[in-house]
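Since the structure comes first, as C-alpha cells, the remarks are kept for the end.
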Amino acid sequence: MNINHKEIIKLFKDSNLEWFVNIYNTKSKDLTYSPLYDEESFDSADNLSTSLVVIKNWKKAVFKLDWYDFESLKKAMAELSSIIDYSTFDKDIVMPEIFDEAVCDFSNLEVKNIWFEFLQNEFLKIKNFNFQKEISIESFSIWTKFSTQTYINSNWSVKTQSDSSSYYYIELLAKNDETSEVDYEYFESNVVPSIDFDKILELQKQLISKIKPNTKTLESWIYTVTLDKKVVWSFLEILLWNLSSEAIREWLSIFSNNKIWDKIFSDKLTLINNPNLPWFTWNILFDSEWVTAKKTTLIENWVLKSKFYDYKNALKEWLENLWNSWIRNIELVWDTTWDYLKW
C-alpha cells in the first residue's frame, strides 16, 4: 500500500480546518480446527480502512471508508467541510497538539511468505501428538498477522507503525469415568509461529492432576498462595482500567475513593507502562490519539504515581498527555520472594 503523505497534506492545507487521517491495513492468514467434525478451515484476509476527522470551532465531523484512495479522501473532505457547522458544539473537542514525525517498524514476518501448507504442518504436529489417553483436543487455531497504521494531521505530522504477530490457541479436555476438566493455553509471538511442546506438556500435566482423586484436606493454617497467571492478569486488567483519569473523574474508579491507600498488595509491587518492551509481541508507541507514549510508572510499591490521561482530561488538569485508555505494554515488577496478593 503506497500512501503519498505530501499529496494528502497539500490537498487539505488550504481548507482552514484542523484535521487528521488514520489509515489501517491488516493482512492475516489462519487455520482453525474443529474436532467435532474433524474439520480444518483456512482463512486469508487483506483489510484496509480510512477515517478522516475534521475539527472547526469546537465541532467535529468524521468520515469512514472501508478502503483507501486519494479521490475518495478528497470527496470525503469536501462533504465534511459542508456539514461540520451542523455538528454539536463541545468545548472538549480540540485538536491534539501533535507535531512530531516517526516511523516505527516492529515487524518480523511477512504474511505473504506464510503458506497454508506451513500452518497445516504446524497443526499436524498437534493432531498427531501422543497425548495421554485421558486427553483430547477441544479446539485449535494458528494465526499470523501483519498490520500498518498511518497517521497524518494538519500540523504536518506523519506517523507510521508496522508490526507483525502470530499466535496459536489450544484447548484440551481431560476426562475420566468420574469427572472432566477443560483448560487452554494461548501463545503469542512476533516471529513465525512454532509449536512449543514443553508448554503443551505442562498444560496436559495440569489437566491430569485436576481429574485425579484428591484425598487431601486443608487444615486451619497460614498458607502461601500462588495465583494462576490468568487470574492475576484478569485482576490487573480491572486494576488498570481503574487508573483511567476519565473513570476517576466520573467516580467510577476505586481510586475515586479516599481509601485507595489501604494496602491490598505487597509493598514490593510496581506497575510500569513501558511502550517498548523488548520481549513484547505488540509494542505500541502511539496511543489512539497518536500521542507518542512515554515510559511511565503507574504504581510504585503500591503508591499511585500516575494515571492514564487522554488528551481531553490532560488539558483539564493542565498535565502532559502520556498515554490514553489503550492499556498495553504493562511491565509488572515484584519481588518473587514476597506474596504479591495478601490474604
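Atom set for the values below is all heavy atoms of this structure, side chains included, hydrogens, waters and symmetry mates excluded.
- At least one side-chain heavy atom of Gln206 sits under 4.5 Å from a side-chain heavy atom of Glu202.
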Subject >> Check against side-chain hydrogen bond (donor to acceptor under 3.5 Å, both in side chains), Ser162 and Thr148 >> reply: CA-CA 4 Å; Ser162 300; Thr148 300; 3.3 Å; yes
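- Remark: the backbone N or O of Asp196 is paired with a side-chain donor or acceptor of Tyr168 at under 3.5 angstrom.
- Residues Phe146 and Lys112 are not in side-chain contact: their nearest non-hydrogen atoms beyond the backbone lie 4.5 Å or more apart.
- With rounding to the nearest 0.5 Å, the separation of CE in Met77 from CD1 in Ile8 is 11.5 Å.
- Taking each heavy atom of Val192 and Leu109 in turn, the nearest pair found is N-CD2, 3.6 Å.
- For Lys205, the NZ atom is loosely surrounded, since the number of other residues' heavy atoms within 6.0 Å does not exceed 12.
- Minimum interatomic distance between Lys91 and Trp58 (heavy atoms only, all atoms of both residues): O-CD1, 3.5 Å.
- Between Leu119 and Phe116 there is a side-chain heavy-atom pair separated by less than 4.5 Å.
- To the nearest 0.5 Å, atom CG of residue Leu173 and atom CD1 of residue Ile137 are 11.0 Å apart.
- Side-chain contact between Phe42 and Leu31 is present, with heavy atoms from C-beta onward closer than 4.5 Å.
- No donor-acceptor pair under 3.5 Å is formed between the side chain of Asn155 and the backbone N or O of Ser157.
- A donor-acceptor pair is defined here as one N or O able to donate and one able to accept, closer than 3.5 Å; no such pair exists between the side chain of Ser44 and the backbone of Lys29.
- Atom CG of Asn57 and atom OG of Ser87 lie 11.0 Å apart (nearest 0.5 Å).
- Considering CG of Leu207 and CD1 of Ile211, their distance stands at 7.5 Å, rounded to 0.5 Å.
- Across every non-hydrogen atom of Met95 and Asn153, the tightest pair is CE-CB, 3.5 Å.
- Residues Ile142 and Ile126 share a single hydrophobic cluster, defined by chaining ILVMFWY side chains whose heavy atoms lie under 4.5 Å apart.
- The shortest distance between side-chain heavy atoms of Tyr24 and Ser147 does not fall below 4.5 Å.
- Asp100 has a carboxylate O that lies under 4.0 Å from a charged side-chain N of Lys159, or vice versa, which qualifies the two as a salt bridge.
- No side-chain heavy atom of Leu80 sits under 4.5 Å from any side-chain heavy atom of Leu17.
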**OP:** Could you please spell out the steps behind the salt bridge (Lys or Arg N to Asp or Glu O under 4.0 Å) verdict for Lys125 and Glu122?
**Re:** CA-CA 5 Å; Lys125 293 177 184 178; Glu122 289 298 302; 2.8 Å; yes
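- Within a 6.0 Å radius of CG in Asn4, other residues, nucleotides and ligands contribute more than 12 heavy atoms.
- Of all the heavy atoms in Glu178 and Asn176, the pair that sits closest is N-OD1, 2.9 Å.
- Side-chain contact between Asn25 and Tyr68: absent, with no pair of heavy atoms (C-beta onward) separated by less than 4.5 Å.
- One N or O on the side chain of Ser164 and one on the backbone of Asn108 form a donor-acceptor pair closer than 3.5 Å.
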**OP:** Check the pair Asp85 / Lys56 against side-chain contact (heavy atoms from CB on, under 4.5 Å), numbers first and verdict last.
**Re:** CA-CA 8 Å; Asp85 290 331; Lys56 177 184 177 183; 3.5 Å; yes
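- Enclosure of atom NZ in Lys210 by more than 12 non-hydrogen atoms of other residues, nucleotides or ligands within 6.0 angstrom is indicated.
- The closest side-chain donor-acceptor pair between Asn47 and Asp66, if any, does not fall under 3.5 angstrom.
- For the pair Lys145/Thr26, a side-chain contact is recorded, criterion being any heavy-atom separation below 4.5 Å from C-beta on.
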Original post:
Stepwise, does the side-chain contact (heavy atoms from CB on, under 4.5 Å) test hold for Val21 with Thr50?
Top reply: CA-CA 7 Å; Val21 176; Thr50 307; 4.0 Å; yes
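- Between the side chain of Gln204 and the main chain of Gln132, a donor-acceptor pair closer than 3.5 Å is present.
- Counting non-hydrogen atoms of other residues, nucleotides and ligands closer than 6.0 Å to NZ of Lys60 gives a total of 12 or fewer.
- Atom CH2 of residue Trp143 and atom OG of residue Ser166 lie 8.5 Å apart, to the nearest 0.5 angstrom.
- Two different hydrophobic clusters hold Val111 and Trp115 under the rule that ILVMFWY side chains link at heavy-atom gaps under 4.5 Å.
- Ion pairing between Asp38 and Lys127 holds under the 4.0 Å rule for side-chain N and carboxylate O.
- Within 6.0 Å of OH on Tyr37 lie no more than 12 heavy atoms contributed by other residues, nucleotides or ligands.
- By the rule that hydrophobic residues join a cluster once side-chain heavy atoms approach within less than 4.5 Å of another member, Phe99 and Tyr151 end up as members of separate clusters.
- Within the model, atoms CG of Leu203 and CD1 of Ile170 stand 7.0 Å from one another, a figure rounded to the nearest 0.5 Å.
- Phe129 and Val182 are assigned to two separate hydrophobic clusters, defined by single-linkage of ILVMFWY side chains at heavy-atom distances under 4.5 Å.
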Original post:
Between Thr32 and Phe140, is a side-chain contact (heavy atoms from CB on, under 4.5 Å) present by the stated rule, with each step listed?
Top reply: CA-CA 6 Å; Thr32 302; Phe140 176 83; over 6 Å; no
